[in-house]
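Quick note on labels: first sequence line is chain A, next is B, and so on, each numbered from 1.
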2 protein chains.
Amino acid sequence: MQFSFRMPVAVHILLCIACFQKEIKVTSTFLSGSVNVHPVIIRKTLGQLKAAGLVDVAAGVGGAKLKKAPADITLQDIFQAVEEEEDLFHLQENPNPACPVGRNIHALLNGRLQTIRGHMMDDLRQITLQTLLDDLSKRTA
Amino acid sequence: MQFSFRMPVAVHILLCIACFQKEIKVTSTFLSGSVNVHPVIIRKTLGQLKAAGLVDVAAGVGGAKLKKAPADITLQDIFQAVEEEEDLFHLQENPNPACPVGRNIHALLNGRLQTIRGHMMDDLRQITLQTLLDDLSKRTA
DNA sequence: TCCGTTGCAATAATATAAGTTACAACAATA
DNA sequence: TATTGTTGTAACTTATATTATTGCAACGGA
């Protein structure tokens, strides 16, 4: 059990845009070739990133560009743009209210799991696109 | 996208055992009634908890008991007993090696995401079954 | 031997994600 | 204006993972 492609794919997309937007027109077909994911998934993800204000996508002519500086885009921004779930774990919906454990299990776990999710968000916020770009240029040097 | 029932269900099971093991024989049928999950799932989960050394299950006669003190069972123990995945996110398997981003995306993300997962484990380790039992008795008082 | 239970396998049902196809709308341009 | 390449969606299919269900052998005590 783990999170899906989405966030990593979105990061990949944004890195490609950051690297190539000055040289070429970054289309969903181009991105599809680098990420190796279907163009429609790319467009859907791009749409979520656009809705989150992270990128601009040219309507007819095509091509995506970053809307913010890489240092101002965090993994938390990206995560929240593409993942809609509020909870880290799926809790069983109908525990038995006649059982003291069943009656309280949600209350016991919810707060604590939300706290953990909050820490995860804090961690994601520490990583910016610029961090990754710097690391990338080190590796390609 | 989120983690499945498993961990919360396992926690529910262990709490029920802790609460009722002195009074009654805690069978998978009984647990099924409180958690509201199919008995076979209960037995499977119980099997994982047994393999992890957290509970003892009586073979023919039936009934489960804690094998360790509630203060010595952490949510991390439970999580690891029932979730086998190593990675938090599913990375795209075949990015394009001809693209500098595609060639390095795994290296860029893997370490950072593992660190985040490590923090999550640290958080889970801070919560013991005893913590939850104390909270539970406050709520039922 | 009978009974309730566990352990396990096989299968079905369900949910979610990803892939695929099709097509309207858009903007540049020949 | 027609053409071209692209985006934005919707509908459908496929793949995968999780949970539910059924069936049955094995176990241990009454």
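- Counting only N and O atoms by type, the side chains of Asp87(A) and Gln114(A) include a donor and acceptor under 3.5 Å apart.
- Nucleic acid contact for Gly60(B): base, since at least one base atom lies under 4.0 Å from a heavy atom of the residue.
- Which of dA20(D), dT19(D), dT5(C) sits closest to the side chain of Arg6(B) comes down to dT19(D).
- Side chains of Asp134(B) and Gln130(B): a donor on one and an acceptor on the other come within 3.5 Å.
- To the nearest angstrom, C1' of dT19(D) lies 18 Å from CE of Met7(B).
- Between Leu31(A) and Thr45(A) the shortest side-chain heavy-atom distance does not fall below 4.5 Å.
- Taking atom CZ of residue Phe30(A) and atom C1' of nucleotide dT6(D), one finds them 15 Å apart after rounding to whole Å.
- Atom CD in Glu93(A) sits about 11 Å away from atom P in dA15(C), given to the nearest Å.
- Of the listed nucleotides (dT21(C), dT7(D), dA20(D)), dA20(D) has the atom at the smallest distance from the side chain of Val37(B).
- For Val40(B), taking side-chain heavy atoms from C-beta onward, the closest of the listed nucleotides dT9(D), dG7(C), dC8(C) is dC8(C).
- Separating the CG atom of Asn36(A) from the P atom of dG19(C) is a distance of 8 Å, rounded to the nearest angstrom.
- Not one side-chain nitrogen or oxygen of Lys50(A) sits closer than 4.0 Å to the OP1 or OP2 atom of dT7(D).
- A sub-4.0 Å separation between OP1 or OP2 of dT7(D) and a side-chain N or O of Lys44(A) is absent.
- Minimum atom distance to the side chain of Ile41(A) is reached by dG19(C), of the listed dA27(C), dG19(C), dG7(C).
- With distances taken from any side-chain atom of His38(A) to the nucleotides dA20(D), dA18(C), dT20(C), the minimum falls on dT20(C).
- If you measure from atom NE2 of His90(A) to atom C1' of dT19(D), you get 11 Å, rounded to the nearest angstrom.
- Atom CZ of Arg125(B) sits about 8.5 Å away from atom CD of Gln80(B), to the nearest 0.5 Å.
- Across all non-hydrogen atoms, the minimal contact from Gln92(A) to Val35(B) is CG-O, 3.2 Å.
- In this structure, Phe89(B) places its CZ atom 13 Å from P of dA17(C), rounding to the nearest Å.
- Taking side-chain N and O atoms only, Arg43(B) has no distance below 4.0 Å to OP1 or OP2 of dG7(C).
- Among the nucleotides dA18(C), dT19(D), dT22(D), the one closest to any side-chain atom of Phe5(A) is dA18(C).
- If you check every strand for non-hydrogen atoms under 4.0 Å, Gly47(B) touches nothing.
- Rounded to whole angstrom, the span from the CD1 atom of Ile42(B) across to the P atom of dT19(D) amounts to 11 Å.
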